[in-house]
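Okay, so here's the structure we're looking at.
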Amino acid sequence: MKGVRIEELKGELISIVGSENLLIDPRKTRFYRTGIRVGNGKASMVVFPRKLLDLWKILEICISFDKIIIIQAANTGLTGGSTPFGDDYDRDVIIINTININKLILINKGQQVIAFPGTTLYQLEDNLLPLGRGPHSVIGSSCIGASVIGGVCNNSGGNLVKRGPAYTELSLFARLNRNGKLELVNHLGIELGKSVEEIFVNLEAVNFSKENVIPSLKIASDSDYQNRVRDIYASSPARFNADKRRLYESSGCAGKIAVFAVRLDTFLLPEREQVFFVGTNNSDNLSKLRQRILTEFPILPDMGEYMHRSYFDGSYKYCKDLFILIKFFGTKSLPRIFYLKRIIDEFVVDYNFLPNNFSDKALQFLASIMPNHLPKILLKYRDDYEHLMLFLASDESIDSMVTLLDEETKMDQDYQYIKCTKSEGKDALLHRYVAGSAPGRYQKLNSEDSEGIIPLDVALPRNCVSWSKLLPNEILSQMAESFQMGHFLCMVFHWDFVVKKGVNIVSLKENILAILDKNNAKYPAEHNVGHLYRAEEDLKNFYQELDPTNTFNSGIGKTSKKKNYQ
């Protein structure tokens, strides 16, 4: 029951983490119970463990008090899946934020890593760089600062087509069984002891030979991904969240278990890289490029990112401040900047004379008075072409890309490409990197002039060639703005539509989804269902198998929020 023994629970949690690591004041918990795009609800408290054993003890206590548990790290989810959603839960909601448990262990000379709950993607990338290796994904465009485990739990990534989305069968996690008993499952493939305390202490202290970890028969990355992407005649998508082939314990769990650590593969970085920027006004040209790359290239390019002019402009206008911060201060600066931004927003919310979303409006103003930040050649392509492609090729695939682009563009003046200089390539990649933040910034600046945003994360079938023409004008004419981009080689698209004032947004979304269903599309593709999408039967069954009492992240995928899924 809600509100029962809250003070007693508070006292027990303080005994573990201290009062400084427990938030109860609704003003101080607002950030942690509000999603970056959607999602907001009540939570009785937010607790911040600093060790794995503390996290276990917190879980035990919250379960004994019969509370709903939501575990979050960076809180960068786009579909509301890491925050409460509304206030119609039958039990109190406790948020456990794990961002302070951020240890990263490099094993077998960095060929694999073990990431803790708060380890971030750019922390992983930074630690691997001196070893000449990289993680499964580097874009993180719409959720900059996201945690590694968050990516695994949501099947995120996949823009790097030679590496695939986040996936592992090697993890350390806790689940609550049907009898209400919390069980710790060590499937890391590393002997850490028998008792719960032994396992956590040995893992955190690295009491094992990290350079001699025995290879496992279970996989730590999506090793079959390239084969699925290359099957361009398949009538199903290459990847999507409900794909039961990639639902395994922590992978795709969406917070229905408590994940303490994951073991993941890393990848050798290339010796040479080359960015190509392609522009055309005929989307069929890009479809042919994709077909030839996936069927003819012995070695695939690393990345193939589509940007409609709308998303290029959105990134140019609404992500300029983020672009400049990363370019000159690096991703390491972002946690402190985001923390300062949060403090400012929490402060001004109590003062009516300051506008809502003050920090975003201030940053937007500062960015608007700064000089142009993109190479002029990229802006010219934006002016000349509606459809833009960004290819990152490396080593053997560079020559293949040059040959292909020369052949495909030589006969058509309405179809050109640039072989970017090093600085142009870095700016083009960074422009794409920050682009996913554009819809959120637009929404904060223009919330009163529209009915809201319909964010769509769509996996189209691999045999789809009409990807740019799926939605008719009668649908598109109801949009005030649209932002369209995608991971093109795998046919995963992000469509963020700003709906005109007065349009029935619920009905409009239903019409769009009906069109997607008719075309064998799957959604979501990589952002997980959160509270925006209804979980398909396979995914719902997976959630219920992991969490039979519905204690963790209740209501995810529009499932029941009540105990035992009543």
(message) To check you understand the geometry: which heavy-atom pair defines the closest contact between Ile398 and Phe276, and what is its length?
(response) O-CZ, 4.0 Å

(request) Taking only Lys NZ, Arg NE, NH1 and NH2, and the carboxylate oxygens of Asp or Glu, determine whether Arg228 and Asp222 approach each other closer than 4.0 Å. (result) yes

(message) Under the rule for ring pair (Phe, Tyr, Trp, His ring centres under 6.0 Å), what residues qualify as partners of Phe240, not counting sequence neighbours?
(response) none

(message) Is it the case that the side chains of Glu249 and His187 hold a donor-acceptor pair, with the cut-off being a distance below 3.5 Å and no angle test?
(response) yes

(message) A side-chain contact here means heavy atoms from C-beta on lying under 4.5 Å apart; do Leu192 and Glu198 qualify?
(response) no

(request) Check the pair Tyr533 / Tyr523 against side chain to side chain contact (heavy atoms under 4.5 Å, CB included), numbers first and verdict last. (result) CA-CA 8 Å; Tyr533 299 93; Tyr523 46 86; 3.5 Å; yes

(message) Contact between Arg175 and Lys256 at the side-chain level, heavy atoms closer than 4.5 Å - yes or no?
(response) no

(request) Classify the side-chain pair Asp538/Asn541 by whether it contains a donor and acceptor separated by less than 3.5 Å. (result) no

(message) Under 3.5 Å, is there a donor on one side chain and an acceptor on the other for Thr551 and Thr549?
(response) yes

(message) I'd like to know if the side chain of Asn102 pairs up with that of Thr119 as donor and acceptor (distance under 3.5 Å, no hydrogens or angles considered).
(response) no

(request) Dump the intermediate steps for ring-ring contact (aromatic ring centres under 6.0 Å, His included) on Tyr32 and Phe48, then the final yes or no. (result) CA-CA 11 Å; Tyr32 303 98; Phe48 301 86; 5.1 Å; yes

(message) Side chains of Leu52 and Pro117, heavy atoms from C-beta outward: is any pair under 4.5 Å?
(response) yes

(message) If you define the side chain from C-beta out and look only at heavy atoms, does anything of Gln226 sit under 4.5 Å from Leu300?
(response) yes

(message) Which residues pass the side chain to side chain donor-acceptor pair (under 3.5 Å) test with Asn100, not counting sequence neighbours?
(response) none

(request) Output yes when Lys522 and Asp243 qualify as a salt bridge under the 4.0 Å nitrogen-oxygen rule, no when they do not. (result) no

(request) Could you pull out all residues at least two apart from Tyr248 that satisfy side chain to side chain donor-acceptor pair (under 3.5 Å)? (result) Lys218

(message) I'd like to know if Glu60 pairs up with Lys57 as an ion pair, taking the criterion as any Lys NZ or Arg NE/NH1/NH2 lying under 4.0 Å from an Asp or Glu carboxylate oxygen.
(response) no

(message) Can you tell whether the side chains of Glu526 and Arg239 come within less than 4.0 Å, N to carboxylate O?
(response) yes

(request) Apply side chain to side chain contact (heavy atoms under 4.5 Å, CB included) to Leu264 and Tyr167, showing your working. (result) CA-CA 8 Å; Leu264 294 165; Tyr167 179 77; over 6 Å; no

(message) If we count only N and O atoms by modelled type, under 3.5 Å, do the side chains of Arg462 and Tyr233 hold a donor and an acceptor together?
(response) no

